[in-house]
Amino acid sequence: AQSVTQLGSHVSVSEGALVLLRCNYSSSVPPYLFWYVQYPNQGLQLLLKYTSAATLVKGINGFEAEFKKSETSFHLTKPSAHMSDAAEYFCAVLEYGNKLVFGAGTILRVKS
Amino acid sequence: NAGVTQTPKFQVLKTGQSMTLQCAQDMNHNSMYWYRQDPGMGLRLIYYSASEGTTDKGEVPNGYNVSRLNKREFSLRLESAAPSQTSVYFCASSEPDPLVGYTFGSGTRLTVV
């Protein structure tokens, strides 16, 4: 079975600082990986996805993620945090049968 | 607006009561899913339906049943609610191409007392 592990349940950054949210995956086959964002009291929205076309993936709202096979990682970054980035972020891997398996989530807090 | 609609948004049940969570999508998606979200545990798959007329268990199916009524609707039923089922429930749907990603509803916050 495939799985993802998100390191750090809470991350706090200052406005304008680098955002780094960590995700490591476990998969016996080349994985398809996703990052989703959940704003308070809302459903999940797709931020970006890795589908093997390119190792550096750009998403919405200035976020990007780099797939590193050697490190089994797919960390999410943004050069400069904005207050509106405060949300919970989920890394997910696509499992056989078109099922998404989610990590535990990381809550991002942005300080002014 | 096109998307996934869940009803109700909030519900409080007493232990032992039953209820059905409704989900409908208008994007002509084949696959639909029910997840529950609990703090520190992410989203866990309860049941899914790859196409109309089929349903399969996910990671945490105990205490739940589902019905894929037609291509648009996928309901989740709690026959005898327990406090452990207090959670936020999300319905999602996806196109045949799994790489497009899921579309999620806004969730149902259920409290069982």
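A note on names: the letters A, B, ... follow the listed sequences, proteins ahead of strands, and every chain is numbered from 1.
Residues satisfying the side chain to side chain donor-acceptor pair (under 3.5 Å) test with B:Tyr33, not counting sequence neighbours, are A:Asn98, B:Ser94. Residues passing the ring-ring contact (aromatic ring centres under 6.0 Å, His included) test with A:Tyr25 are A:Phe67, sequence neighbours excluded.
For the pair B:Gln85 (side chain) and B:Ala82 (backbone), a donor-acceptor distance under 3.5 Å is present. Using modelled atom types, no side-chain atom of A:Asn61 and backbone atom of A:Phe63 make a donor-acceptor pair closer than 3.5 Å.
Residues of residues 100-111 of chain A that come within less than 4.5 angstrom of chain B, heavy atom to heavy atom, are A:Leu100, A:Phe102, A:Gly103, A:Ala104 in numerical order. Residues from residues 37-44 of chain A that place a non-hydrogen atom less than 4.5 Å from a non-hydrogen atom of chain B comprise A:Gln38, A:Asn41, A:Gln42, A:Gly43, A:Leu44, given in numerical order.
Side-chain contact check for A:Lys68 versus A:Thr55: every heavy-atom pair is 4.5 Å or farther apart.
Note on A:Leu47: it does not cluster hydrophobically with A:Phe90, by side-chain heavy-atom contacts below 4.5 Å among ILVMFWY residues. At a threshold of 4.5 Å between side-chain heavy atoms, the hydrophobic network of Ile, Leu, Val, Met, Phe, Trp and Tyr places B:Tyr35 and A:Leu94 in one connected group.
Ring geometry for B:Phe90 against B:Phe104 counts as perpendicular: the plane angle is over 60°, on a 0 to 90° scale with 30° as the lower cut.
Of the two parts of B:Leu45, only the side chain, counted from C-beta on, holds a non-hydrogen atom closer than 4.5 Å to a non-hydrogen atom of chain A. Contacts of B:Arg44 with chain A are absent, with no heavy-atom separation under 4.5 Å from either backbone or side chain. Contacts of A:Gln6 with chain B are absent, with no heavy-atom separation under 4.5 Å from either backbone or side chain. Residue contact with chain A, scored on non-hydrogen atoms closer than 4.5 Å, is absent for B:Gln6. For chain A, the nearby parts of B:Tyr102 are the backbone and the side chain; heavy atoms of each come within less than 4.5 Å. Contact annotation for A:Lys99: both backbone and side-chain heavy atoms come within less than 4.5 Å of a heavy atom of chain B. With a 4.5 angstrom heavy-atom cutoff, A:Tyr36 touches chain B only via side-chain atoms.
A donor-acceptor contact closer than 3.5 angstrom is absent between the side chains of B:Thr54 and B:Arg68. Remark: the B:Asp38 side chain and the B:Ser87 side chain contain an N/O donor-acceptor pair separated by less than 3.5 Å.
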Inset, instruction - Applying salt bridge (charged side-chain N to carboxylate O under 4.0 Å, His left out), run through A:Glu64 and A:Lys58 and close with a yes or a no. - result: CA-CA 4 Å; A:Glu64 62 182 36; A:Lys58 295 186 184 297; 2.8 Å; yes
Inset, instruction - Apply side chain to side chain contact (heavy atoms under 4.5 Å, CB included) to the pair A:Arg22 and A:Ser73, showing each step before the final yes or no. - result: CA-CA 8 Å; A:Arg22 300 177 186 273; A:Ser73 69; over 6 Å; no
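For the options B:Asp97, B:Leu43, B:Asp56, B:Val4, heavy-atom pairs under 4.5 Å to chain A are most numerous at B:Leu43.
Residues B:Leu13 and B:Ser18 approach most closely at CD2-O, 4.3 Å, considering heavy atoms.
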